[in-house]
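These notes concern the structure reproduced below.
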Amino acid sequence: MKIDELRILLSECFFYRAFEDEISRLAQRGETPGLVHLSRGAEVFEAALMTALDLSVDHMTGSHRSHVLALASGADPVAVAGEILGRNCGLSGGVAGTQHLLSYDTGFLCSNGIVGAQVPIAAGAALSAKINKTGGIGVAVMGDGATNQGAVLETMNMAVSLDLPLFFIVENNGFAQSTTTSNAGGAVSVVARARGFGLVADQTDGSEVRAFYPVLMRLIDYVRSQQKPAFLEVSVPRLGGHYEGDGEIYRTQTPLIDPLDLLSDLADQAEIEGISDIQSMAEHKALSAIQTALKSPKAEPNAKS
Amino acid sequence: MKSQINSQISESLSIANALNQAMHQIMQSDPSVIMIGEDLIGENLATGAELGGVFGVSHGLAKAFGRNRVIETPISETAFVGMGIGAAMTGLKPIVEIMFCDFMAVCFDQIINQAAKIRALSGATPDKQIPMPLVIRTTIGAGDGSGAMHSQSLHGLLMQIPGLVIACPSNAGDAAGLLKAAVASEDVVILMEHKGLYETRFPVEASLPIVPLGKGTLVQKGHDITIIALSAMIPLAISAAEALKAEGYTMDVIDPRTVSPLDMDMILNSLHKTGRLIVVDEGAAIAGFADHVIAEVSSRAFDALKCAPRKITPPHCLVPYAPALEAAYLPTQANIIQTVKGMIHES
């Protein structure tokens, strides 16, 4: 990754963190209609993922925890914030909400309220790319909890049997809500299961861009050039509860490493200047987008939006 | 048959044949149409002979249009229905086949949470929503000894879910015409074909013209009673109406064709004329299509009713297997005749 790319990545990640932090504050004040699932901890991986994709032809689906994926796909931050806040300016005018973000125009097909349900939908995007020879791929982003869903296991087999250009990404944050991955996952690791289906599969540290980026690029290139599916498991911390306000009684006191700190250190080592300015500009941009969304009327029956 | 019986009739086709012909026409005229499902090809690798779907509906399509467009899947309904949704969102018009509607139970999430909701979730008003040109074809119906898990008629269950258009054709022309309308629609359409009607031949217009979704058809015209029936209950209602005609009773027999949206205008117009309603349906005995029609009519045209509306459905139990048990489960011509006479005598 070049210095300029690193600087942009850092700026984006500060922006996403500030966005989620502000949503968190608003949730605590009761400004979100329901519970919100925040992406804190996955920003670095998700921002880097978008730089590795070509969203003019690629299509992605995400889980219930997809605020940052929608933003990183290029969706208007005001519209993303508006949707999370149930406002007229939202991506879907407030009818869909935090778990159902659809940004069709930027290649983010949907996030999902049902664990794993987004995965076969991404297979459809892969099928379209294959049939219409667009050069694109389908990308299914899910959490580790989804790997125990039939929808996901069926799709892994089907993608191999139909030769779909589909990239499965599991963000393993150690928890399916409150159940630990190790308790839920049986005897075989997630990546071993994927290999059992015949998928080209790898596993890496999603906190450390230098670790995951080459793996990410290699697998995306494989899916695109070979028109075959691949699978990547990345470990990312969940820096917070399952939802905002979760007491996390189940969490042991293991200190978590923040991938954003690692990225900042990396930028420091690369002698990128003005990191604090980059951060404050990103924070200002995030707060300003959310402030704009808050000025939009709350969605009402028959409201003119 | 019915309203389609006119000078343009030039062929007699089964529902399976009509759907197969319509599929050829549709795939020929629109390269974005694909088929997805189990056993769509079923090729004998030694002889090249093919099954073409368990009811023959997809016969010859893979040879004509290639395996890129006729996609034979693993037995993974959740995965391939979801794949149809994603394909419909990205430029294709998939026709997904679920062999029996009973199998929808294993992919209900993709049908009721994903297919039915994504379009409406994409925007607060229809003009802001993305199209979802997905068609799901499936079969319904008892009568062939297939037992409890291959014989249900679940249209009433599906019609409770907003975001799904549900059609249940009773003849070959409607099956082909509704399929064409379904492929042209930007909404998710589920076409539910009765297994017991597949091999019956029906007169059709050779061009297999499009049949609008949401519009019923008056199959028989009369004065005494309005019978609402669907799918395989239409031939049954017609035979009952013919038998009753000899005794001096005439009836409107309405085939709504589409269950959701339902052509209530046609039903209410008839009710205002006859004042008596019978719904004959192979679906649920409780909270299904029949109860819905009766509730709508009772609340919107109570004054027009001369007596309590009746429903003729199977009992609230599973579809049994042994022939005598299955026959006792299904509505009969005698049930309809008896009900008609009872209603006329009481009012």
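Residue numbering restarts at 1 for every chain, and letters A, B, ... go by the order of the sequence lines. Heavy-atom basis, side chains included; hydrogens, waters and symmetry copies ignored. Just so we're clear, the structure is a prediction, and the values are computed from it rather than from any experiment.
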If I take atom [atom1] from residue [X] and atom [atom2] from residue [Y], how far apart are they, to the nearest 0.5 angstrom?
{"X": "A:Leu162", "Y": "B:Thr73", "atom1": "CG", "atom2": "OG1", "answer": "7.5 Å"}
{"X": "B:Ser32", "Y": "A:Asn132", "atom1": "OG", "atom2": "CG", "answer": "8.0 Å"}
{"X": "A:Glu154", "Y": "B:Met83", "atom1": "CD", "atom2": "CE", "answer": "11.0 Å"}
{"X": "B:Gln114", "Y": "A:Thr61", "atom1": "CD", "atom2": "OG1", "answer": "9.5 Å"}

message: Show the nearest heavy-atom pair for residues A:Met158 and B:Pro74, with the distance to one decimal.
response: CG-CD, 3.8 Å
task: Quick one: closest heavy-atom pair of B:Ala124 and A:Gly93, and the distance?
output: CB-CA, 4.1 Å
Heavy-atom contact with chain A under 4.5 Å, split by part of [X]:
{"X": "B:Ala88", "value": "neither"}
{"X": "B:Ile118", "value": "both"}
{"X": "B:Ile34", "value": "side chain"}
{"X": "B:Asn68", "value": "both"}
{"X": "B:Gln129", "value": "neither"}

query: So do the side chains of B:Ile71 and A:Leu127 get within less than 4.5 Å of each other, counting heavy atoms only?
result: yes
query: Are there more than 12 heavy atoms of other residues, nucleotides or ligands under 6.0 Å from atom CD of B:Gln28?
result: no
- request: Against chain B, label A:Thr155 side chain, backbone, both or neither, depending on which of its atoms sit under 4.5 Å from a heavy atom there.
  value: both
- request: Identify which part of A:Leu164 has an atom lying under 4.5 Å from any heavy atom of chain B, answering side chain, backbone, both or neither.
  value: side chain
task: Hey, could you give me each pair passing ring pair (Phe, Tyr, Trp, His ring centres under 6.0 Å) that has a residue in residues 60-86 of chain A? Not counting sequence neighbours.
output: A:His37-A:His64, A:His64-A:His242
Set of residues satisfying side-chain hydrogen bond (donor to acceptor under 3.5 Å, both in side chains) with respect to B:Asp187, sequence neighbours excluded: B:Arg119
message: Strictly distance-based, threshold 3.5 Å: is any side-chain N or O of A:Ser92 a donor or acceptor partner for the main-chain N or O of B:Leu121?
response: yes
query: Within the distance-only criterion (no hydrogens, no angle test), does the side chain of A:Tyr104 pair as donor or acceptor with the backbone N or O of B:Met89 below 3.5 angstrom?
result: yes
What side-chain donor-acceptor pairs closer than 3.5 Å can you find for residues 155-168 of chain B, not counting sequence neighbours?
unit_1: B:His155; atom_1: NE2; unit_2: B:Asp281; atom_2: OD1; d: 2.9
unit_1: B:His155; atom_1: NE2; unit_2: B:Asp281; atom_2: OD2; d: 3.2
unit_1: B:Gln160; atom_1: NE2; unit_2: B:Ala287; atom_2: O; d: 3.2

- request: With a 4.5 Å heavy-atom cut-off (strictly below), which parts of residues 108-126 of chain A touch chain B? List them by number.
  value: A:Leu109, A:Cys110, A:Asn112, A:Ile114, A:Ala117, A:Pro120, A:Ile121, A:Ala123, A:Gly124, A:Ala125
